[in-house]
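In what follows, a single structure is set out as structure tokens and then discussed.
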Amino acid sequence: MLHLLAKRACITNRQTLYFSKSIVRNSSYLVIPELPPPVEGIDAVFHSETLPSFEHATPQVVVSGGLRLCSEFDTTIQQHVEKLANDTSKPTFESIFNPIEDLNVPFETGHYTIRQLALVKQRTFAKLFSKFDSHFSIHREYRFQDPALFNLVQNLNTDENRRKLKDWQQTLINVYLYYGKLNGCHLNNENLDQMQLLNGKLSQYQYSFAQKLLYANKTFTHLELDPFAFDDVPYHIKQQFAVDKAKPDSGPWKLDLSDRTFHIIMSYCGNRSLRKLMFEAYYGRASPSSTRLNRNVDNIVEITRKRKSLAKFLGYSCFADIVLQSKMARKKETVQEFIETTRSKLKPIHDEDIRQLTAYAQEKSNKPKEYEQLQAWDVAYWRHKQCRDLYSSLKIDPLQISRHFSYEHVLQGLFNFVEFLFGVKFELENNFDEQYKWHTDVQVYRCTENGTTIGHLLIDAFARPNEKSELCIGTAGRDLCQRHNILPIAYLNMSLPRIEGTATLMALSQLKEMFFAFGRVLQVLLTRSSNHELSGIRNLEADALDIVPNFFLQWLRDPNILSYISQNVETKQILDSSVYHRALNQVDHHMISHDILRQLYLSAFDLEIHTNATNYYDAMNKLWSLFTPIPLHNRDFHPCSFEQIYSEQLASAYYSHKWSEMIACDLFNAFKEIGINDKEKISALGKRFRETILARGGTISMRELFREFRSRDPSYEYYIQQLTTKF
């Protein structure tokens, strides 16, 4: 939610250009422009008390309904606050927050519906959602920008009231006060004007950063004419890039700078000069090697300066302190300790991995002298080849392994495992109204606990090329609202290939994606929050967001899971655990230290920038060699395209991905400590996990929930042990 720091003063051009009929606000009054006329179908698509009627969803309905939700959300909150301010009676928690909750339910459900449409009907709704997403964000933060509402909430936060409040009520009050202060609601008019000016400039530089990166992506194209350049590339990948799809082997091949293209070329292309060209282009986007008008250097400098000034203005020593105050880690020293402890254990392993990879490249290459020193554009290619040889040496046949994991059996096994661990069931709804499905592939499941329905899960499992996103992702469709008995809805989108008449087989990589996504589904469905704003993954700290998905992913490491999800499609036999162990652990862990250290380096860079306001080039040179023996290339300007921290929402929080993995590993170890084969104890501990981490997530700090579950603070030991264990 850090983007709200730049939203107090005004709505930037980026945000208003998308919709000419947007609400425009300044600090003293609200101007509401004319809205588009209502369109038939709005109520069916955006009715929060039933499931969205996807058959009524058209671009016209989405635009009209979405804009009306945003407008009504803002204006009704303003009217609500004015009414409270003029009321002679003393405001209560319920009188302040209940009406806001009532507005939140349709507002957030509408946003979720548009997001789901963008995922499953990309050609029609993806661009529309990209515009609406920022639009919803602006209106979502309005309640944190209103000094009158801030003062009402602050008046609740007295010693006398705190003794009467429940934990979740105090959490909600703290949220409003924290973000209200970040928006300057506690400042006098003069200081507020200064802060608005500072935030406005920061927003402009962030927008400029994103636009220059977008321009670099759009303007680059490379036509590879060398007929031998793609010799090592698999046929189906050649076909993707071939100008003539009927003759993919002979070229030419057209390349862009999308993440997908870049990583494919780095991993599969044996032409070293082409890999280098793509590397320099990818990490040279908006860099000093670009023309002056298209560089992000000035944007980086100004963003760093403005964030430092903002921190001082609000009374913090640095921008990282602002951000981390609302995270599970809390302090930059804690994050730095996590990064350094993990780095120090993994770096020697990584150095040895690179030494062995260098030797392997020299052995396999026709020009061994070229590989006396591996460069950054060599690692992915030779790692991929070495991993394929590892598969062969371990006698691992990915196709044979996948024959033990049919989608239908895996899904039912997953449901059975969740019932065992958490005590909830998933039952197929056979007569579900088709208007609530966006495609005939969709299956609807009722989630029940002790015979009572607690939510619904909609699964869209199969690929639809050029129509549906390839992502495997679990998302919220609607969050729980206990006051109105509105049950949560979760969506699980996958992109599995389907061949009519045969079982759909899953590779290990797809199993991992499915387990991770299902962890997110459980966060949405198993919440018991008393307030909609704290339900599901809402109000979870950024560094705690992926804890449950990563925890659920940990269960794939336990061979006992095979009894639930594995069955050969022909023999009905369970996959041999030793084969599974070799495939998942030995191959899956191949050079994992390289990936982890790369993410830790970027996390350390992020903290260095936002703690010490170091020049980006100096920070890069200071940290690089601490994390890898691969030399830093003189045309590698990756900070100039590091959009996650400069124009998105992970400034001072990039570490969150690895932190979540570490916490998940610690939580999973609680199950290992009591004996992973003791089903009775595992089931009992699973129920306790459900009652603490899943049921109460968002209503109380994950730091406190972790302490309640583990009776101590987090330990890095188990995460490091998992990463450093030799299989």
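Basis for what follows: all heavy atoms, side chains included, without hydrogens, waters or symmetry-related copies.
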Hey, are R707 and E704 close enough for a salt bridge, meaning a charged N less than 4.0 Å from a carboxylate O?
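E704 and R707: salt-bridged.
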
[X] vs [Y] aromatic rings, parallel, tilted or perpendicular, using cut-offs 30° and 60°?
X	Y	result
F417	Y564	perpendicular
F97	Y176	perpendicular
F107	F73	parallel

Side-chain heavy atoms of [X] within contact of [Y], under 4.5 Å:
X	Y	result
D666	F706	yes
D43	H56	no
Q412	F415	yes
R520	L545	yes
S535	R538	no
Q78	E82	yes
E708	I700	no
R690	R528	yes

Have [X] and [Y] got a donor and an acceptor in their side chains that come within less than 3.5 Å?
X	Y	value
Y436	E429	no
N550	Q554	no
Q170	N174	yes
D133	H111	yes
D87	S89	yes

Under 3.5 Å, is there a donor-acceptor pair between the side chain of [X] and the main chain of [Y]?
X	Y	value
T699	S529	no
R162	N157	yes
K468	D460	yes
N161	L156	yes
S95	P91	no
N539	L534	no
D543	A329	yes
H439	D441	yes
R115	A476	yes
R478	T113	no

Full working for ring pair (Phe, Tyr, Trp, His ring centres under 6.0 Å) between F125 and F129
CA-CA 6 Å; F125 293 103; F129 175 71; over 10 Å; no

Measuring from [X]:[atom1] to [Y]:[atom2], what's the distance to the nearest 0.5 Å?
X	Y	atom1	atom2	result
K327	E541	NZ	CD	8.5 Å
K181	H186	NZ	NE2	7.0 Å
N104	N98	CG	CG	12.0 Å
C447	L526	SG	CG	5.5 Å
F671	W555	CZ	CH2	5.0 Å
M514	M494	CE	CE	4.0 Å

Given side-chain contact (heavy atoms from CB on, under 4.5 Å), test N183 with E141 step by step and report yes or no.
CA-CA 10 Å; N183 279 276; E141 307 308 337; 5.9 Å; no

Pair E160, K164 - check salt bridge (Lys or Arg N to Asp or Glu O under 4.0 Å), show working.
CA-CA 7 Å; E160 181 183 354; K164 303 175 185 176; 3.7 Å; yes

Run Y445 and V521 through side-chain contact (heavy atoms from CB on, under 4.5 Å) and show every step you take.
CA-CA 12 Å; Y445 292 86; V521 164; over 6 Å; no

If you count the non-hydrogen atoms of other residues, nucleotides and ligands that lie under 6.0 Å from [atom1] in [X], is the total more than 12?
X	atom1	result
K437	NZ	yes
Q435	CD	yes
K127	NZ	no

Ignoring hydrogens, what is the shortest heavy-atom contact between L103 and I77? Give both atom names and the distance.
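Smallest heavy-atom distance, with atoms named: CD1-CG1, 3.5 Å.
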
Which heavy-atom pair separates R330 from S701 by the least distance, and what is that distance?
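Looks like NH2-OG, 3.3 Å.
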
Please confirm whether R688 makes a cation-pi placement over F709, using NZ or CZ under 6.0 Å from the six-membered ring centre and within 45° of the ring normal.
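Flagged: R688 positioned over aromatic ring of F709.
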
Taking the six-membered ring for Trp, are the ring centroids of F93 and W168 within less than 6.0 Å of each other?
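Yes, the ring centres sit under 6.0 Å apart.
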
Does T527 form a side-chain contact (heavy atoms from CB on, under 4.5 Å) with Q523? I'd like the steps, not just the answer.
CA-CA 6 Å; T527 183; Q523 287 177 295; over 6 Å; no

Set out, in order, the CA-CA distance, both residues' side-chain angles and the distance that settles side-chain contact (heavy atoms from CB on, under 4.5 Å) for L411 and F426, then state yes or no.
CA-CA 10 Å; L411 181 63; F426 287 88; over 6 Å; no

Which of these passes ring pair (Phe, Tyr, Trp, His ring centres under 6.0 Å) with F551: F516, F515, F689, F518?
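The option that passes is F689.
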
